[in-house]
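Proteins come first, then strands; the chains are lettered A, B, ... in the order of their sequence lines, and each starts at number 1. Computed from a predicted structure; not experimentally measured.
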Protein chains: 2
Amino acid sequence: MAQTVAEEQAPADDSARGRFARIYQALRSRICLLDYPPGKRLREEDLAEEFGVSRTPVRRVLVKLEAEGLLRSVHGVGTIVTDIDAEELAQVYEIRVELAELIGKLSPVEVNEELIEKFRDIRARCEQLTEGSDVRQFAWLNMEFFHLFTSLTRNEPLRELSERLYYQTSRIWMKTALQIRDYQELLDNEFRTFQREVADIAEAVEHGDVAAAAYVRRVHIALSYARIRRAFAENS
Amino acid sequence: MAQTVAEEQAPADDSARGRFARIYQALRSRICLLDYPPGKRLREEDLAEEFGVSRTPVRRVLVKLEAEGLLRSVHGVGTIVTDIDAEELAQVYEIRVELAELIGKLSPVEVNEELIEKFRDIRARCEQLTEGSDVRQFAWLNMEFFHLFTSLTRNEPLRELSERLYYQTSRIWMKTALQIRDYQELLDNEFRTFQREVADIAEAVEHGDVAAAAYVRRVHIALSYARIRRAFAENS
DNA sequence: GTACATGATGTTGTGCACAACATAAGAAGA
DNA sequence: TCTTCTTATGTTGTGCACAACATCATGTAC
């Protein structure tokens, strides 16, 4: 199964905390990568069986995911992956844009060779994205790059907030893209744009200019949202 | 007990969601108002007994509060109210300052008479804060005013983020204030400053200038943090 | 045929007993 | 006296049976 790619980084720790983290990351990845698309109904017992535990620890994870706005449990009905309507999506993007810029302004890290190397590495892997590539691979790289970008600030709470908003919106972005006619054309275009973004930011980091990198990111987030919004309005 | 003041707004709903909300708000208020100071160890069974339920629904609430950074459960030890060290506090304030300004910029509400009246009302109640007033009353008004201020934006996710950061830091601010020698002098000064802040913001709202109100708020948050930081450094 | 009542089915929520774990006190040995 | 192992105690974590709830199908009265 493809989702093992997303879950292989899970900690091997077998304590209570380790199990919790493993299940949590697995479910969050599946939601983010659309293995569990918005509206999907999950059954606690199925998950419990899959992870080899009872419903109790699974419920713990579900409560946390619900607190983060990715799930919603309804008594007697089920646990449903949340969807986001157009207005709320716009609101979250408004904030994401601002937070992206703040990552370059609040407690930016001092750039060292190791960090530069990480950006070079992911840039190289992004270059391999060709037209017609797997959407899933794109989503995965996007997520990986996001985490690398947030590591540009030492402000841990800011990283947390950004991460939370990212997991709320990136999946909706992807879901919307897949609904569009000729979505492959749109996606190919997004692939190229993403490659330019990664390249620009990587170079800014190499010059030690974290603020510039953040501003590039800000602009790309805003433009990416504007593009898909327009495409959706034109031919949904 | 004084905390009933904070909990009387709880919904009377007796369904599962209603119980959950009631327990959640009660515990969050207690943490925010220092009834449960940082480091305090809670026992699930005590809480269960107090609210007339078993440990199970209580644990649900605790998991959510843990996800929000207010609690931390440790297997075999207990559930502990989190503390925040100086560095993280500074980081959260950095963000709060920026978010306060954003509340005036992203999807501001159009001011109507009802909203103005609410600001007039809380302003009048703040004027009654005299020197030597109850710290608890101050904390409560502060919280109430915070919620009113966040209602200046229609951006719901932004409100949520602001709320989360507020509950994380305001209690630490208060705890720090109480540790300072001659804290009554500091607090009296803060009372007056807070009254000015409320008055300034209320007037900005009356003029329909939400952006100005938000900027005043931004400045006050930053200055408030700077003052207590200096006071703590000088005579802790 | 339609509206409504009633039961069957499936899901999450709750209560409770016990396991896993951490901590501190105490005993045994050097 | 100090160290170390053991044990007692208290806490959160887990598993399981059942209650509460929502939904859909079925049947019945009109």
Side-chain angles (χ1 to χ4, degrees), chain A residues 10-28 30-31 35-83, chain B residues 10-28 30-31 35-83:
Chain A
D13 185 2
D14 198 41
S15 69
R17 292 202 98 78
R19 275 197 301 273
F20 178 83
R22 196 160 55 247
I23 300 175
Y24 170 76
Q25 289 180 16
L27 293 187
R28 196 177 66 165
R30 291 180 193 179
I31 293 171
D35 295 323
Y36 296 157
K40 165 94 173 178
R41 217 179 78 213
L42 308 179
R43 287 182 5 99
E44 297 179 348
E45 203 152 355
D46 288 348
L47 297 173
E49 189 181 6
E50 179 190 341
F51 291 101
V53 294
S54 84
R55 278 178 56 209
T56 310
V58 170
R59 300 195 87 250
R60 221 184 129 99
V61 172
L62 296 184
V63 169
K64 181 169 181 184
L65 289 170
E66 186 173 7
E68 292 173 356
L70 297 179
L71 290 179
R72 178 144 188 268
S73 289
V74 184
H75 190 180
V77 178
T79 304
I80 292 127
V81 178
T82 56
D83 202 348
Chain B
D13 184 3
D14 198 40
S15 69
R17 293 202 97 79
R19 276 197 300 274
F20 178 84
R22 197 161 54 245
I23 300 176
Y24 171 76
Q25 289 179 16
L27 293 188
R28 196 178 65 165
R30 293 180 192 178
I31 293 173
D35 295 322
Y36 296 156
K40 165 94 173 176
R41 216 179 78 210
L42 307 178
R43 286 179 7 98
E44 296 179 350
E45 203 153 355
D46 288 349
L47 296 173
E49 189 181 5
E50 179 189 342
F51 290 101
V53 293
S54 82
R55 278 178 56 210
T56 310
V58 170
R59 301 195 86 247
R60 224 183 128 97
V61 173
L62 296 183
V63 169
K64 181 170 181 184
L65 289 170
E66 186 173 7
E68 291 173 357
L70 297 179
L71 291 179
R72 179 147 186 266
S73 289
V74 184
H75 190 181
V77 177
T79 305
I80 291 131
V81 178
T82 55
D83 202 348

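Phosphate contact (OP1/OP2 of C:dG15, side-chain N/O of B:Ser54, threshold under 4.0 Å): present. Here A:Arg19 reaches the OP1 or OP2 of D:dT14: one of its side-chain N or O atoms lies under 4.0 Å away.
Rounded to an integer number of Å, the gap from A:Arg60 CZ to D:dG15 P is 13 Å. Taking atom CZ on B:Arg17 and atom C1' on D:dA20, their separation rounds to 14 Å, with Å as the unit. As a whole-Å value, the separation of A:Ile23 CD1 from D:dG15 C1' is 14 Å. The distance between atom CG of B:Leu71 and atom P of D:dT11, rounded to the nearest whole Å, is 16 Å.
Counting non-hydrogen atoms under 4.0 angstrom, B:Arg55 reaches a base of the nucleic acid.
In this view, B:Arg17 and A:Glu66 satisfy the salt bridge (charged side-chain N to carboxylate O under 4.0 Å, His left out) rule, not counting sequence neighbours. Under the side-chain contact (heavy atoms from CB on, under 4.5 Å) criterion, A:Pro37 pairs with A:Lys40, not counting sequence neighbours. For B:Ser54, the side-chain contact (heavy atoms from CB on, under 4.5 Å) partners two or more places apart in sequence, or in a different chain, are B:Thr56, B:Pro57. Every side-chain contact (heavy atoms from CB on, under 4.5 Å) that A:Arg43 has, sequence neighbours left out, goes to A:Glu45, A:Asp46. The side chain to side chain donor-acceptor pair (under 3.5 Å) search around B:Arg55 returns B:Glu44, not counting sequence neighbours. Contacts of A:Arg19 classified as side chain to side chain donor-acceptor pair (under 3.5 Å), with partners at least two apart in sequence or in another chain: none.
If you check residues 39-47 of chain A against DNA chain C, the residues with a heavy atom closer than 4.0 Å are A:Arg41, A:Leu42, A:Arg43, A:Glu44, listed by number. Residues from residues 72-79 of chain B with heavy atoms under 4.0 angstrom of DNA chain D, sorted by number: B:Ser73, B:Val74, B:His75, B:Gly76, B:Val77, B:Gly78, B:Thr79.
From A:Arg30, atom CZ reaches atom CG of A:Leu42 across 9.5 Å, with rounding to the nearest 0.5 Å.
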Please list every donor-acceptor pair under 3.5 Å in which a side-chain atom of residues 67-78 of chain B meets a protein atom from a residue at least two apart or in another chain.
from    : atom 1 : to      : atom 2 : distance (Å)
B:Glu68 : OE1    : B:Tyr24 : OH     : 2.8
B:Glu68 : OE2    : B:Tyr24 : OH     : 2.9
B:Ser73 : OG     : B:Thr79 : OG1    : 3.3

